[in-house]
Q: 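I'd like to ask some things about the structure below.
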Amino acid sequence: MTDVFQYTPGDSVLHRMNPVTKIFLTFCICMAAFLTDHLSVLIFLLFLDLMLGVIAGIPRKAFSIFRGLAKISLFLFALQALFVRRGNPVFWIITDEGLRTAGTVVLRLLVVCLPFALILAVTQVSDIANSMVQVLHVPYAYAFTLALTIRFIPLFMEEMSGIMEAQAARGIEFDTKNILKKFGLLLPLCAPLLISSMRQTGATATAARVRGFSLRTADSGYKKYGFGLVDLCAAVLSIALIAGAAWIR
Amino acid sequence: MIRIQSLTFRYEDSKVDALHDINLTIPDGSFLGIIGPAGAGKTTIAQCISGIIPHAVRGDFYGSVVIDGLDSADTPLTDLSRLVGTVFQDVERQIIFPVVEDELLYGLENFGVPREKIEERMTFALTHTGITSLRHRTISSLSGGQRQKVAIASLIALQPKILILDEPTGELDPGSSRKIFALLQELNRTYGITVVVIEQKIMLLCEFAKRLAVMDQGRIIREGSVREVLGNISRLEEIGVNCPRVARFSSLLGEQIRQEISVCVNVEEAEREARRVMG
Ligand SMILES: Nc1ncnc2c1ncn2[C@@H]1O[C@H](COP(=O)(O)OP(=O)(O)OP(=O)(O)O)[C@@H](O)[C@H]1O
Ligand SMILES: [Mg+2]
């Protein structure tokens with residue numbers, strides 16, 4: 001699970017695309033998902049997400065992210081289906097309206113989360129930060145903070161599993177199936193984890209300072225982020241998605 | 001030149017001085033090794049030289065650290081960093097980006113190294129640390145020793161006037177450690193870079209460093225040429241510094257036969273000395 005947010009080297013179309021285009025594409029997929037209420041459109045978008053994973057040459061990773069999200073989604077689906085009271089009953093207290101709403105919410109969640117994870121898998125955080133500064137003129141400090149946050153997710157997770165192993169070795173059962181119980185076990189770990197990761201980011205920020213962080217400008221980047229044919233195609237596709245979703249509604 | 005005068009530093013919330021009344025002058029072109037037991041204040045002194053103390057670490061700072069005429073307390077950290085390159089003890093925290101190439105590019109880009117020079121500098125740093133083949137690898141796929149080399153390479157690429165390395169071979173095997181020291185020696189000799197290296201492997205310091213400083217409990221208790229410092233082995237062993245066996249051998253031999261014996265720093269010398277006094 002810890003490698004989900006990590007960069008996977010490769011040479012696919014998605015790897016070569018300008019990071020800004022990738023962010024735009026992700027953004028448009030999200031917009032489209034929020035514009036539409038049609039289950040079929042959402043399913044199409046989900047299919048598109050998974051196709052992106054295939055195009056990026058990381059189908060396995062895409063499906064494993066999908067599986068992880070699907071587990072959370074199932075839980076949400078059950079909650080939604082139980083709580084929506086409108087519509088005609090299908091069985092017990094579940095209504096057709098409830099099922100439809102739950103399906104929409106859950107699909108939307110999947111459609112929105114997947115591309116973010118995929119983009120992180122095929123784009124180096126430094127490229128995201130640099131291109132945002134170069135192309136979008138985002139202030140470097142913000143872009144760097146974002147890059148550093150993304151960079152620390154895997155470290156954070158590694159540390160988390162390290163602590164869990166240490167606790168498990170002392171007889172604490174983290175592998176319990178009871179979600180609430182597991183949550184209760186994890187909660188006390190949050191504070192020490194947060195403190196240790198804050199100290200780590202602090203030291204890394206110092207490492208950045210002593211290598212000229214404050215001198216960096218939009219022109220500092222050695223790599224230049226140009227736009228090519230792939231970017232044009234992706235942009236057209238992105239806009240078409242939004243237009244299509246708005247039109248069908 | 002680095003001139004440290006009456007430097008005392010105490011970390012915020014700490015009850016004892018981490019450094020106490022340090023006086024040390026490091027001339028241009030030196031190769032100084034700093035050695036001492038855990039908690040002696042080695043990392044703290046390194047951070048004082050690089051300006052991280054007092055600019056990025058809170059505490060009480062007395063005395064002065066002057067680098068090339070710049071008082072570290074009055075000079076912005078960025079300006080100090082142009083002069084002094086620092087390799088942290090904790091490599092995990094030093095490395096900022098997930099891919100080797102980006103890590104090397106970062107400082108080069110920021111300090112405004114001209115585009116046409118960047119490739120050359122990167123190639124230089126990568127070849128000399130022996131990690132050319134790792135250029136496009138992700139950091140998470142590297143071993144501890146390889147990460148250490150990446151950290152060193154990212155600073156060598158910047159070619160600072162002064163290079164401070166805090167236990168740069170902590171995760172390296174003996175072979176790689178020697179290569180790193182040989183590289184430091186080359187940088188020192190060929191480019192006149194001042195090298196200050198904190199190191200536990202005393203044999204490496206004996207072989208490569210020109211001078212040694214021994215720290216204990218926030219003080220510098222000895223400073224001088226390698227031979228001068230090793231002349232007083234019993235004092236070093238008292239504070240827990242592991243002395244090379246040849247040096248211990250020569251001092252023991254001297255005591256046994258009650259005769260002046262010059263300190264030996266390698267096996268050949270010890271053999272020669274032994275043959276001489278034994279006749
Ligand atoms: N951030 C800190 N806050 C408070 N005290 C600290 C801090 N860092 C170090 N110290 C204390 O300052 C003293 C010197 O620490 P320093 O890290 O310089 O030792 P060192 O010689 O580098 O040791 P090592 O060989 O373990 O790296 C120690 O007593 C240590 O406990
Ligand atoms: Mg230290």
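In the text below, chain A, chain B and the rest are named by the order of the sequence lines, each starting its count at 1. Only heavy atoms go into these numbers, but all of them, side chains included; no hydrogens, no water, no symmetry mates.
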Q: After noting the C-alpha distance and the side-chain angles of B:Arg10 and B:Asp17, does the key distance pass the salt bridge (charged side-chain N to carboxylate O under 4.0 Å, His left out) rule?
A: CA-CA 4 Å; B:Arg10 177 180 295 195; B:Asp17 293 345; 2.9 Å; yes
Q: Looking at B:Ile95, B:Leu108, B:Thr86, B:Ile139, which one has more heavy-atom pairs under 4.5 Å with chain A than the rest?
A: B:Ile95
Q: Side chain from CB out, backbone as N, CA, C, O: work out which of these in B:Thr138 comes under 4.5 Å of a heavy atom of chain A, or both, or neither.
A: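 Only the side chain of B:Thr138 comes within 4.5 Å of chain A.
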Q: Is A:Phe144 in contact with chain B via its backbone, its side chain, both, or neither, using a 4.5 Å heavy-atom distance?
A: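 The side chain, not the backbone.
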Q: Give a yes or no on whether the backbone of B:Glu103 and the side-chain of A:Arg211 come within a donor-acceptor separation of less than 3.5 Å.
A: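 Here the side-chain-to-backbone pair exists.
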Q: Can you say whether B:Phe88 sits under 4.5 Å from chain A via the side chain, the backbone, both, or neither, judging by heavy atoms?
A: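 Contact with chain A: side chain only.
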Q: For the backbone of B:Gln146 and the side chain of B:Ser143, can you confirm whether one donor and one acceptor N or O come within less than 3.5 Å of each other?
A: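 Checking the backbone N and O of B:Gln146 against the side chain of B:Ser143, a donor-acceptor pair under 3.5 Å is found.
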Q: Apply salt bridge (charged side-chain N to carboxylate O under 4.0 Å, His left out) to B:Arg135 and B:Glu119, showing your working.
A: CA-CA 12 Å; B:Arg135 180 166 177 163; B:Glu119 185 54 44; 3.0 Å; yes
Q: Relative to chain A, which segment of B:Leu158 carries a heavy atom at a distance below 4.5 Å: side chain, backbone, both, or neither?
A: side chain
Q: Looking only at heavy atoms and a cut-off of under 4.5 Å, which of B:Val113, B:Val57, B:Ile118, B:Val84 has the most pairs with chain A?
A: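 Greatest number of close heavy-atom pairs with chain A: B:Ile118.
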Q: Just checking, is any N or O donor in the side chain of A:Ser214 or B:Thr78 under 3.5 Å from an acceptor N or O on the other one?
A: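 Judged by distance alone, the side chains do pair up.
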Q: Counting heavy atoms not belonging to B:Arg137, are there more than 12 under 6.0 Å from its CZ?
A: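 Atom CZ in B:Arg137 is packed in, count exceeds 12.
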Q: Check each atom of B:Ile96 against the heavy atoms of chain A and say whether the ones under 4.5 Å are side chain, backbone, both or neither.
A: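 Both backbone and side chain.
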Q: Please classify the contact of B:Gln47 with chain A as side chain, backbone, both or neither, using a heavy-atom distance under 4.5 Å.
A: neither
Q: Is the shortest heavy-atom distance from the side chain of A:Ser73 to the side chain of A:Phe66 under 4.5 Å?
A: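 When only atoms from C-beta onward are counted, A:Phe66 and A:Ser73 do not touch, as no gap falls below 4.5 Å.
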Q: Inspect the surroundings of NZ in A:Lys223 and state if more than 12 heavy atoms from other residues, nucleotides or ligands are less than 6.0 Å away.
A: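 It does: A:Lys223 NZ has more than 12 such atoms within range.
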Q: With respect to chain A, which residue among B:Gln94, B:Glu92, B:Arg115 yields the maximal number of heavy-atom pairs within a distance under 4.5 Å?
A: B:Arg115
Q: Answer yes if the ring centres of B:Phe9 and B:Tyr62 are under 6.0 angstrom apart, and no otherwise.
A: no
Q: If you compare all heavy atoms of A:Leu114 against all heavy atoms of A:Leu46, which two are closest, and at what distance to 0.1 Å?
A: CD1-CD1, 3.8 Å
Q: Just give me the residue among B:Leu80, B:Leu155, B:Asp90, B:Asp102 that pairs up with chain A most often, heavy atom to heavy atom, under 4.5 Å.
A: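 Greatest number of close heavy-atom pairs with chain A: B:Asp102.
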Q: Which bit of B:Arg82 is near chain A, if near means a heavy-atom gap under 4.5 Å: side chain, backbone, both or neither?
A: side chain
Q: Are there residues of residues 125-142 of chain A whose heavy atoms fall under 4.5 Å of chain B's heavy atoms? If so, which?
A: A:Val125, A:Ser126, A:Tyr140
Q: Does the side chain of A:Lys22 come under 3.5 Å of the side chain of A:Thr123 through a donor N or O and an acceptor N or O?
A: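 A pair is found: one side chain offers a donor N or O, the other an acceptor, under 3.5 Å apart.
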